[in-house]
Participant: 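Attaching a single structure in structure tokens format; questions to follow.
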There are 2 protein chains.
Amino acid sequence: MEHAGNGRQKARPGRLDRGIVMRAALNLVDEHGLEALSMRRLGQVLKRDPMALYRHAAAGRKEVLAGIAELVLDELQPFADDTHWQTQLRRIAHELRRVCLLHPNVVPLLVTGPLSTPLGLRPAGTLKPLEQILGILIRAGFGPADALHVYRTFYGFLYGHILNELQEYVADPEENEALLRLGLYRLPLRDFPHLRRLAPELLDYDGSEELDQGISILLAGLGQQLSHR
Amino acid sequence: MEHAGNGRQKARPGRLDRGIVMRAALNLVDEHGLEALSMRRLGQVLKRDPMALYRHAAAGRKEVLAGIAELVLDELQPFADDTHWQTQLRRIAHELRRVCLLHPNVVPLLVTGPLSTPLGLRPAGTLKPLEQILGILIRAGFGPADALHVYRTFYGFLYGHILNELQEYVADPEENEALLRLGLYRLPLRDFPHLRRLAPELLDYDGSEELDQGISILLAGLGQQLSHR
DNA sequence: GCCTAATGTCTACACTGTAGGTACATTCAC
DNA sequence: GTGAATGTACCTACAGTGTAGACATTAGGC
């Protein structure tokens, strides 16, 4: 699969580098979850001594995790920024959603990883979306400070939606239905009247549609704020 | 600290129960972070054999984590629901924010914990806010299905904001300032013009204010959606 | 050739979650 | 009371984990 056959002499196991290690780690996490990522297992996958990873790729497990997150964010595809700012925001949202759904196991890293990593020290790749959105908003007429607030609201909502959607999403829909019904009927009707009535709606969840609706609400609010000044 | 001196005979170490264990675990996580929570260390704090925990409190570490999350959510204080629906939503938001800031180390559990726990199987305590907000929205005039969508948007935004705020928040503000300046000046001006200009605004972050602004945007959008049907 | 620096490999330590067994205490039926 | 049954406590053991440190091997420069 991987095996970037570097053309030096010591090509026996295929020379190791940071990129290869990180990609292997991402594969591992995608397939077997975050907990499956251990230095030893990673070494096993790469057919290398676990300690070799420390020399080439990372100073420790944490750094591997950070590397994975960065790798996933690098999958975000850039856009031409010629359309209306609202459609641009919409596109960005769907693009982030797309990438996150491709790597659901990595999402916890994305949302909680940068915790306690001060903004100034984050890798440039992580800051690009921020800069991009600031640009869009400022060109749309927001003042720089307002643009920052709006960015936070927008991105906050975005991450929130993605977390929501990942919770809603369950592998097997049929099992999901059974579980849901069982679970809901367990709840006392007097305490959870609305929730129990909404069982059918809970079952057909369309994440993309849901995201669009949320953004529409946000944009309506934003438009209003923009015109009121 | 804990030591609920139960009045039986074998009161030497003070009889163990699930509540005590969970509270001790929460303390541990609050003070030393999620990684510090191990069954062995928890046993040490409680002066019990680690294996005793398995008998009394939980089937494993995962269950302890779930218990912690539940415990934190139980700290949410209920409201009288007599005011305007918008003020109610605002209160709920601030209340959740308050509790999360009290237990920042637990937030990752709250946002990613219920992942892959189907909605129907979550503990009733976790579902109460959902039911509550559905009620508020339906009484405000939303149809049940719309109320569900709005709930998702609202809660998604809420969790997103909290994650954002926890990222912004750093222990020592002075160090924060130094780091930020250092970090931002490292970024090439041509690629990050807006971000570098916003350094001062990045420094004084008021989470409560920020949350309020976001909610205002949301509510403006919601009001518009509500009147358009 | 040899010297230096980089790289690979192995061992070892201090941890982790938790299955399984054993010794003790308490409780209940009679 | 006695005996059985049940619950509790504790220990040991196993298969993992991250990673520091020492050692062997190799590559490159001269």
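Per chain, numbering begins at 1; letters A, B, ... match sequence-line order. Nothing here was measured: the structure is a model prediction, and the numbers come from that model.
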Participant: Is the closest side-chain heavy-atom distance between B:E131 and A:D191 below 4.5 Å?
Facilitator: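 Not in contact.
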Participant: Looking for any heavy atom pair under 4.0 Å, which part of the strands does B:R61 touch: base, sugar-phosphate only, or nothing?
Facilitator: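 Sugar-phosphate: the residue B:R61, judged by heavy atoms under 4.0 Å, touches backbone atoms but no base.
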Participant: How long is the line joining CZ of B:R55 and C1' of C:dA25, in whole Å?
Facilitator: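 Result: 13 Å.
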Participant: State which of D:dG18, D:dT8, C:dT9 makes the closest approach to the side chain of A:D49.
Facilitator: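 Nearest listed nucleotide: C:dT9.
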Participant: Give the rounded distance in Å between these two atoms: CZ of A:R41 and P of D:dT17.
Facilitator: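 After rounding, the gap between these two atoms is 8 Å.
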Participant: To the nearest Å, give me how far apart CD (A:Q44) and C1' (D:dG16) are.
Facilitator: 12 Å
Participant: What's the closest nucleotide to the side chain of B:Y54 if the choices are D:dG18, D:dA9, C:dT18?
Facilitator: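 Of the options given, the side chain of B:Y54 lies nearest C:dT18.
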Participant: Report yes or no: is there a donor-acceptor pair, N or O only, under 3.5 Å between the side chain of B:R40 and the base of C:dG17?
Facilitator: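 Pair found.
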Participant: Listed by chain and number, what are the side chain to side chain donor-acceptor pair (under 3.5 Å) partners of A:D30, not counting sequence neighbours?
Facilitator: A:H103
Participant: In whole Å, what is the span from the NZ atom of B:K47 to the P atom of D:dC10?
Facilitator: 14 Å
Participant: Which nucleotide in the set D:dA22, D:dC10, D:dT17 lies at the smallest distance from any side-chain heavy atom of B:M51?
Facilitator: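 Closest of the options to the side chain of B:M51: D:dC10.
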Participant: Touch check for B:A52, heavy atoms < 4.0 angstrom, all strands: base, sugar-phosphate only, or nothing?
Facilitator: nothing
Participant: Could you tell me how far apart A:L42 (CG) and D:dT17 (P) are, to the nearest whole angstrom?
Facilitator: 11 Å
Participant: Can you confirm whether B:E35 is buried at CD, in the sense that more than 12 heavy atoms of other residues, nucleotides or ligands lie under 6.0 Å from that atom?
Facilitator: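 No - once you tally the heavy atoms of other residues, nucleotides and ligands closer than 6.0 Å, there are 12 at most.
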Participant: Which nucleotide wins on minimum distance to the side chain of B:S38, given the candidates D:dG18, C:dG21, C:dG17?
Facilitator: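 Nearest to the side-chain atoms of B:S38, counting from C-beta on, is C:dG17.
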Participant: Rounded off to whole Å, could you give me the CG-to-P distance for the A:L46 and C:dT9 pair?
Facilitator: 12 Å
Participant: Tell me, yes or no, whether the heavy-atom count around A:R197 atom CZ, taken from other residues, nucleotides or ligands under 6.0 Å, exceeds 12.
Facilitator: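 Counting other residues, nucleotides and ligands, CZ of A:R197 stays at 12 neighbours or fewer.
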Participant: Expressed in angstrom and rounded to an integer, what is the separation of B:E63 atom CD from C:dT18 atom P?
Facilitator: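 So the CD-P distance, B:E63 to C:dT18, works out to 10 Å.
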Participant: Can you tell which of D:dT17, D:dA9, C:dT16 lies closest to the side chain of B:H56?
Facilitator: D:dA9
Participant: To the nearest 0.5 Å, how far apart are CE in A:M39 and CG in A:D49?
Facilitator: 11.0 Å
Participant: Rounded to whole angstrom units, what separation is found between the NZ atom of A:K62 and the P atom of D:dT17?
Facilitator: 18 Å
